Amino acid sequence: MTLSNLVFAIFLAVAIGFFTRSVRRLNRWLDIGHDEVRTDHVDVRTRNLLLIGIGQSKILRDPIGGMMHALVFWGFCVLGLGTVEIMIQGLYTPFTWDVILPRFLYLPYVVSQEVFAVFVLIPVTLLLYRRLVIRPARFRNDPVHGGDAVFILGMIGALMISLLILFTAELRTGAATEGRVVSSLLLPFFSGVSPETAHIVARVSWWFHALLILYFLNHLPGSKHLHVLTSLINVWLSNTSGPGTVGAMRPMDLEAENAEQFGAADVEHLSWKNLLDGYSCTECGRCTAACPANITGKTLSPRMIVVKTRARLTLDIINELRRDLVLMESRFPEELAPALTSLERNGSPWAFSAADRVQWTEGLDIPTMAEMAAAGEKPDILFWVGCMGSFDDRAKKITVAFARILQAANVKFAILGQEESCHGDPARRMGNEYLYQMLAKGVIETLDGYQIKTIVTFCPHCFHQMGNEFPDLGGHYEVIHHTEYIERLLSDGRVPLETEHGQRLKVAYHDSCYLGRYNEIYDAPRNTLRKALPIVELVEPARTQSRGMCCGAGGGRMWMEETQGKRVNVERTEELLATGADQIAVACPFCMTMITDGVTGAGSEVPVLDISEVVASRLAGVAVSG
């Protein structure tokens with residue numbers, strides 16, 4: 001071992017020692033969180049790791065920033081092999097992969113190191129330009145660790161530059177010649193440099209690069225770039241159950257004898273996975289940039305919640321925080337009190353009598369489950385109307401339209417009528433888990449009493465709640481959103497439509513959050529429109545499908561006024577109107593209310609229609625009442 005090897009060994013041992021201490025500290029902090037099983041479904045987790053982690057599929061949804069990030073990630077993966085070579089060279093100078101790898105592998109390895117050093121350097125330069133010159137709004141308005149980001153990018157750039165100088169200097173000394181596809185292009189910069197000087201430059205570059213790697217390794221655990229170490233692990237441990245579980249709230253045992261805390265008031269009330277999420281946050285701000293509340297000038301910043309959760313150790317989280325405020329402190333906006341009281345007393349967020357639930361059925365000859373049971377019959381499906389569909393005058397037109405389609409298609413269906421009650425989704429989203437479970441268990445008892453198997457509803461909130469969150473309380477049903485059900489009926493040729501194509505229309509469809517982002521149902525509404533209106537031209541707003549924007553009614557906001565910034569529904573409506581559409585189509589009664597208000601506020605006369613209303617307007621030989 002040379003003196004140089006000995007000195008490097010000391011640096012390496014110190015660096016590994018500090019890094020090990022940091023990792024142990026991070027692991028101890030994860031122990032603060034409560035247990036959560038995340039080791040099942042190994043096949044799905046491995047697939048997620050390959051597609052989302054290695055393949056960067058989610059990052060690449062942002063075509064520019066995503067590609068830059070992906071290039072840096074892939075570059076580091078490839079350059080990792082070269083980093084190992086440099087670390088071994090520090091302990092034993094003559095080592096190269098050439099002594100281990102066969103020739104047909106070593107040459108591609110050399111080429112990959114040179115090429116990927118450039119692939120990393122280019123996006124790092126662009127990312128620095130974006131942060132220092134362009135400065136997107138999400139960085140200006142929510143500056144967390146902005147200086148650290150610039151420092152890290154500068155450090156990565158220095159690593160790549162030192163590597164390219166090392167390669168070029170080695171080429172000038174004649175120590176290496178094969179596969180130098182990049183450094184051979186840089187060699188003219190060394191035209192006046194003697195081989196002896198080039199050797200010194202190579203050694204200096206090697207030491208600079210090696211020591212910078214050791215410093216980088218120890219800088220990561222305390223910086224926003226901790227995600228470099230944790231993101232792949234976090235992807236493997238992520239939710240595996242597919243669409244529907246993304247927005248499904250976790251079950252809460254209200255009857256636990258020793259329970260002293262409901263929801264989350266501090267980090268010890270979160271799970272270890274919540275805390276690991278904090279480790280894996282890149283602080284890129286995409287969550288805040290996509291948050292409707294933030295877009296419209298509210299103070300909510302999902303990014304800051306995650307960042308401060310991590311800082312406290314030194315999006316489920318929001319739901320847990322709400323639960324704590326409501327259940328432990330009885331603290332919630334006064335505007336929500338009437339809705340919560342009405343849910344408890346009337347079984348709906350509005351103070352309507354249960355008898356009013358069936359007013360919309362007048363003249364339609366629609367049976368209830370009780371009537372069918374008395375006749376010894378069973379329907380094929382239960383049409384779950386929901387509170388909006390039962391009581392809101394505009395939403396009742398959607399209810400009628402969908403019932404008309406079912407009747408035209410000769411579907412044997414029934415409703416619960418006065419036996420239907422709110423399942424408690426608004427209470428749960430507001431943080432009142434106790435009221436939610438009381439209402440939900442009552443609904444499950446009613447459904448099970450009729451041995452109901454299949455439920456169809458046009459409310460995405462009911463669809464999501466009953467399909468994805470009822471199983472935690474013992475309610476297991478096939479729940480279908482009406483857009484999927486109508487699409488199925490149309491595909492089977494069961495819905496008689498007018499044969500005339502009708503007027504050519506340009507239609508913009510607004511994705512409901514609970515149908516789209518939470519359950520990944522994007523195609524059914526659009527396909528239904530195309531089948532009902534063969535000559536329709538569908539146009540997409542700037543934010544659409546997985547990047548779609550909320551209408552502003554979710555999370556209990558339906559019952560609250562917006563006192564900060566721009567109204568969310570106004571922002572969303574402006575996006576939809578900007579498409580130049582002749583009509584706006586929705587698939588949610590909450591979206592219907594919010595977008596209609598937005599259109600009215602904008603002074604526009606563009607009609608807003610539910611998907612079922614569009615189809616019902618095309619029914620052959622059936623007069624549809626408005």
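Note that the structure is a prediction, hence the values are computed from the model and not measured.
L416 places a side-chain heavy atom less than 4.5 Å from the side chain of L447. Between Q359 and D356, the closest side-chain pair of non-hydrogen atoms falls below 4.5 Å. I405 places a side-chain heavy atom less than 4.5 Å from the side chain of S612. Two residues are said to be in side-chain contact when any heavy atoms from C-beta on lie closer than 4.5 Å; R428 and L435 fail this criterion.
A donor-acceptor contact under 3.5 angstrom links the side chains of D448 and Y477, judged on distance only. Residues D610 and H482 bring a donor and an acceptor atom of their side chains to less than 3.5 Å of each other. Side-chain atoms of D511 and Q545 form no donor-acceptor pair, as typed in the model, at a separation below 3.5 Å. Between the side chains of Q465 and Y514, not a single donor N or O lies within less than 3.5 Å of an accepting N or O. Side-chain contact check for E478 and T454: at least one donor-acceptor pair (N or O, by modelled atom type) lies under 3.5 Å. Looking at N527 and R530, their side chains do bring a donor and an acceptor atom within 3.5 Å of each other. For the residue pair K378 and Q451, a side-chain donor N or O sits within less than 3.5 Å of a side-chain acceptor on the partner. Side-chain polar atoms of Y509 and E540 form no donor-acceptor pair below 3.5 angstrom.
Of all non-hydrogen atoms in E420 and G386, the two that sit nearest each other are OE2-N, 2.6 Å. When every heavy atom of V536 is checked against every heavy atom of L529, the shortest pair comes out as CG1-O, 4.0 Å. Closest non-hydrogen pair, A585 versus V507, comes out as CB-CG1, 3.8 Å. Nearest heavy-atom pair, V606 versus A581, reported as atom, atom and distance to 0.1 Å: CG2-O, 3.8 Å. When every heavy atom of L489 is checked against every heavy atom of A409, the shortest pair comes out as CD1-CB, 4.0 Å. The two residues I595 and C551 make their nearest non-hydrogen contact at CD1-CB, 4.4 Å.
F391 and F352 have parallel rings, their planes meeting at less than 30° on a 0 to 90° scale where 60° marks the start of perpendicular. Between F458 and F383, the ring-plane angle classifies as tilted under the 30° and 60° cut-offs. Note on ring orientation: taking the six-membered ring where Trp is involved, the planes of H423 and F470 are perpendicular (angle over 60°, cut-offs 30° and 60°).
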Report the C-alpha separation of L515 and C588 in whole Å, then their side-chain angles, then the decisive distance to 0.1 Å, and conclude whether the side-chain contact (heavy atoms from CB on, under 4.5 Å) test is met. CA-CA 9 Å; L515 195 61; C588 169; over 6 Å; no

For E469 and R429, run salt bridge (charged side-chain N to carboxylate O under 4.0 Å, His left out): C-alpha distance rounded to whole Å, both residues' side-chain angles, the deciding distance at 0.1 Å, then the answer. CA-CA 12 Å; E469 300 189 16; R429 264 61 196 175; 2.7 Å; yes

Salt bridge (charged side-chain N to carboxylate O under 4.0 Å, His left out) assessment of K273 paired with D277: CA-CA 6 Å; K273 180 59 171 60; D277 290 342; 2.6 Å; yes

side-chain contact (heavy atoms from CB on, under 4.5 Å), that's the test. Do N519 and H481 meet it? Break it down for me. CA-CA 10 Å; N519 289 281; H481 189 255; over 6 Å; no

For R517 and Y522, what are the C-alpha separation, side-chain angles and deciding distance, and is it a side-chain contact (heavy atoms from CB on, under 4.5 Å)? CA-CA 9 Å; R517 289 204 308 273; Y522 301 112; 4.1 Å; yes

Is there a side-chain hydrogen bond (donor to acceptor under 3.5 Å, both in side chains) between K396 and S390 once you walk through the steps? CA-CA 6 Å; K396 282 193 282 189; S390 298; over 6 Å; no

Worked check of salt bridge (charged side-chain N to carboxylate O under 4.0 Å, His left out) between R618 and E613: CA-CA 9 Å; R618 299 279 298 148; E613 294 178 302; over 6 Å; no

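Counting only distance, with no hydrogens or angles, the side chain of T528 and the backbone of A524 share a donor-acceptor pair below 3.5 Å. With hydrogens and angles ignored, the 3.5 Å screen pairs a side-chain donor or acceptor of D392 with a backbone N or O of R394. Looking at Q583, its side chain never comes within 3.5 Å of a backbone N or O of L609 through a donor-acceptor pair. R45 places a side-chain N or O within donor-acceptor distance of the main-chain N or O of S238, the cut-off being under 3.5 Å. Of the possible donor and acceptor atoms, none in the side chain of S512 sits under 3.5 Å from a partner among the backbone N and O of P460. Of the possible polar contacts, none joining the T361 side chain to the L364 backbone as a donor-acceptor pair under 3.5 Å is found. In this structure, S617 contributes its side chain and V614 its backbone to a donor-acceptor pair below 3.5 Å. Listed for the S604 side chain is no donor-acceptor partner under 3.5 Å among the backbone atoms of T600. Counting only distance, with no hydrogens or angles, the side chain of T544 and the backbone of P541 share no donor-acceptor pair below 3.5 Å. Looking only at distances, a side-chain donor or acceptor of E371 sits under 3.5 Å from a matching main-chain atom of T368.
Taking CZ of R572 as the start and SG of C550 as the end, the distance is 9.5 Å to the nearest 0.5 Å. Here CG of N234 is found 11.0 Å from CG of L49. Values are rounded to the nearest 0.5 Å. If you take CD1 on I455 and CD1 on I381, they are separated by 10.5 Å, rounding to the nearest 0.5 Å. Atom OG of residue S348 and atom CG of residue L439 lie 10.0 Å apart, to the nearest 0.5 angstrom. Taken from CD1 in I611 to CD in E484, the straight-line distance is 12.0 Å, to the nearest 0.5 Å. Between M388 atom CE and C459 atom SG the span is 8.0 Å, to the nearest 0.5 Å.
Note on R567 versus D597: no salt bridge recorded, every NZ/NE/NH1/NH2 to OD/OE distance being 4.0 Å or above. Salt-bridge formation is not detected for the pair R357/E419: no Lys NZ or Arg NE/NH1/NH2 atom is positioned less than 4.0 Å from an Asp or Glu carboxylate oxygen.
Within 6.0 Å of the NZ atom in K453, the count of heavy atoms belonging to other residues, nucleotides or ligands does not exceed 12. For CG of D365, the number of neighbouring non-hydrogen atoms (other residues, nucleotides, ligands) closer than 6.0 Å is 12 at most. Counting heavy-atom neighbours within 6.0 Å of E445 CD, excluding the residue itself, gives a total of 12 or less.
Of the candidates V608, N569, V570, V599 forms a side chain to side chain contact (heavy atoms under 4.5 Å, CB included) with just one, namely V608.
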